[in-house]
Amino acid sequence: MREEAPYGGAPQNLKRVRTRHFLNAKKNGIKITGLTSYDQLTAHIFDDAGIDFLLVGDSAANNVLGYETTLPVTVDELIPLVRAVARAASRALVVADMPFGSYETSVNDAVHTAIRMMKETGAHAVKLEGGVRSAEQIRHIVDAGVPVMAHIGFTPQSEHQLGGHVIQGRGSGEDQLLADAKAIEAAGAFAVVLEMVPADAAAKVTAALSIPTISVGAGPHCDGQLLVWTDWAGLTQGRIPKFVRQYAQIGQALHDAATAWKADVEQGEYPGPENSY
Ligand SMILES: Nc1nc(=O)c2c([nH]1)NC[C@@H]1CN(c3ccc(C(=O)N[C@@H](CCC(=O)O)C(=O)O)cc3)CN21
Ligand SMILES: CC(C)C(=O)C(=O)O
Ligand SMILES: [Mg+2]
């Protein structure tokens, strides 16, 4: 979504991106951009850069808390991070990810978690994983007045059921993907994330829906793009998915800075007179 957005997409000077701007953007062919954020430092920077939405992902499990997967992270662990991002973002729409175990058990649990997220953090929407299997939860959260971003295709919270980081929506999986997308739209979600699905399948889903599709490794035909910021900025150690393009090398820059500072301290070159009282 850019400044010249002609018919009310979400221009850069917008006070706050709203869910209606997502729908307008799709109608007008204006791409939506999102990044994850887990703290006020990055939230300020990405918000200033005009990123349309900030997702406080349960990927904080890996990227902030050092867990191997997203499965262990809890609502209580995510809430302070969402609060920090919501405080810092003045334009971006802030989405709070609902962690594994906080919505699958019942519609009541799902609504309870969504309301906690909204009440305790200042987020503007919640996100949860699953299509047909989560449709009832989505409907009830929306009925409670909370906008929902859905997430289908590869869903990291069910990675053990899916058998690892496996591309979804191939072959007959395309019918399931379309059924999931339709169920989400009918349940009232305002957008849907498609993760790790073939570009052709994502294009079909995008054409079939009135709500925008947001790609994380789902090709160029979606209505928007989302990435985990630490992957994109060169901070992630280990395997990086092929769908990520590197836009910075922050990990290397920080490593070099720490190495240079350590050497300066050890050689008595830091602090200098200008750093002393
Ligand atoms: N959006 C997103 N979802 C994730 O689950 C995720 C990230 N990002 N980033 C960091 C970690 C690392 N993850 C991943 C996920 C996939 C591959 C990967 O290499 N996938 C293959 C395709 C699948 C396959 O061949 O089985 C690839 O070539 O991208 C690597 C790391 C999972 N995590
Ligand atoms: C990668 C996105 C879709 C996510 O759910 C997360 O970061 O937790
Ligand atoms: Mg997530």
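What you see below is based on every heavy atom in this structure, not just the backbone, and it leaves out hydrogens, waters and symmetry mates. In this text, all values refer to a predicted model and were calculated from it rather than measured experimentally. Indexing begins at 1, ligand by ligand and atom by atom, following the structure's order.
- Remark: ligand 2 and E129 share no N or O pair separated by less than 3.5 Å (distance only, no angle test).
- Nearest non-hydrogen protein atom to atom 7 (O) of ligand 2 is S59 OG, 2.5 Å.
- Shown here is R170, whose CZ atom has no more than 12 heavy atoms of other residues, nucleotides or ligands within 6.0 Å.
- At a threshold of 2.8 Å, the Mg ion (ligand 3) has a backbone or side-chain N, O or S atom of D58 nearer than that distance.
- Residue H151 has at least one heavy-atom neighbour below 4.0 Å for each of these atoms of ligand 2: 3 (C), 5 (O).
- The atoms of ligand 2 that sit less than 4.0 Å from any heavy atom of D97 are 4 (C), 5 (O), 6 (C), 8 (O).
- At least one heavy atom of V228 sits less than 4.0 Å from an atom of ligand 1.
- Using a distance-only test at 3.5 Å, with no hydrogens or angles considered, a donor-acceptor pair links the side chain of Q157 to the main chain of M98.
- Taking atom 9 (N) of ligand 1 as the reference point, the nearest protein heavy-atom neighbour is D231 OD2, 2.6 Å.
- Of the protein's heavy atoms, at least one falls inside 4.0 Å of atom 1 (N) of ligand 1.
- Looking only at protein heavy atoms, the nearest one to atom 8 (O) of ligand 2 is D58 OD1, 2.7 Å.
- Close approach of ligand 2 to L226 is summarised as follows: ligand atoms under 4.0 Å from at least one heavy atom of the residue are 3 (C).
- Looking only at protein heavy atoms, the nearest one to atom 4 (C) of ligand 2 is L55 CD2, 3.6 Å.
- In this structure, the protein non-hydrogen atom closest to atom 5 (O) of ligand 2 is K127 NZ, 2.9 Å.
- Protein heavy atoms are absent from the space less than 4.0 angstrom from atom 11 (C) of ligand 1.
- A side chain to side chain contact (heavy atoms under 4.5 Å, CB included) with C222 is found for exactly one of V193, V192, L194, namely L194.
- Within ligand 2, the atoms closer than 4.0 Å to a non-hydrogen atom of T36 are 7 (O), numbered from 1 in the order shown.
- The residue among M196, K242, H165, E195 with a heavy atom at the shortest distance from atom 3 (N) of ligand 1 is E195.
- Protein heavy atom in closest approach to atom 1 (C) of ligand 2: V228 CG2, 3.7 Å.
- Nearest protein heavy-atom neighbour of atom 20 (N) of ligand 1: R239 NH2, 4.0 Å.
- Residues D47 and R91 are not paired through a salt bridge, judged by the lack of any N-O separation under 4.0 Å between the basic side chain and the carboxylate.
- Electrostatic pairing of E266 and K262 counts as a salt bridge here, judged by a charged N lying under 4.0 Å from a carboxylate O.
- Listed by atom number, the atoms of ligand 1 under 4.0 Å from F154 heavy atoms are 5 (O).
- Each of the following atoms of ligand 2 lies closer than 4.0 Å to a heavy atom of G57: 6 (C), 7 (O), 8 (O).
- Contacts between P156 and ligand 1, counted as non-hydrogen atom pairs separated by less than 4.0 Å, involve the side chain only.
- In terms of modelled atom types and a separation under 3.5 Å, the side chain of N28 and the main chain of N24 share a donor-acceptor contact.
- Using modelled atom types and a 3.5 Å distance limit, the side chains of Y38 and N63 yield a donor-acceptor pair.
- Of all N, O or S atoms in D97, the one lying closest to the Mg ion (ligand 3) is OD2.
- No donor-acceptor pair closer than 3.5 Å links the side chain of K127 to the backbone N or O of M149.
- Residues Y247 and V228 fall within the same hydrophobic cluster, defined by Ile, Leu, Val, Met, Phe, Trp and Tyr side chains chained together at heavy-atom separations under 4.5 Å.
- In the vicinity of V216, heavy-atom distances shorter than 4.0 Å reach the ligand 1 atoms 1 (N).
- Between F53 and F22, the ring planes are tilted. Angles from 30° to 60° get that label.
- A donor-acceptor pair under 3.5 Å links the side-chain atoms of T74 to the main chain of E77, judged by distance alone.
- T155 places no side-chain N or O within 3.5 Å of a backbone atom of H151 that could act as its donor or acceptor partner.
- Within a 4.0 Å radius of atom 7 (C) of ligand 1, the protein contributes one or more non-hydrogen atoms.
- Within the 3.5 Å criterion, the main-chain N or O of S210 finds a donor-acceptor partner in the side chain of E185.
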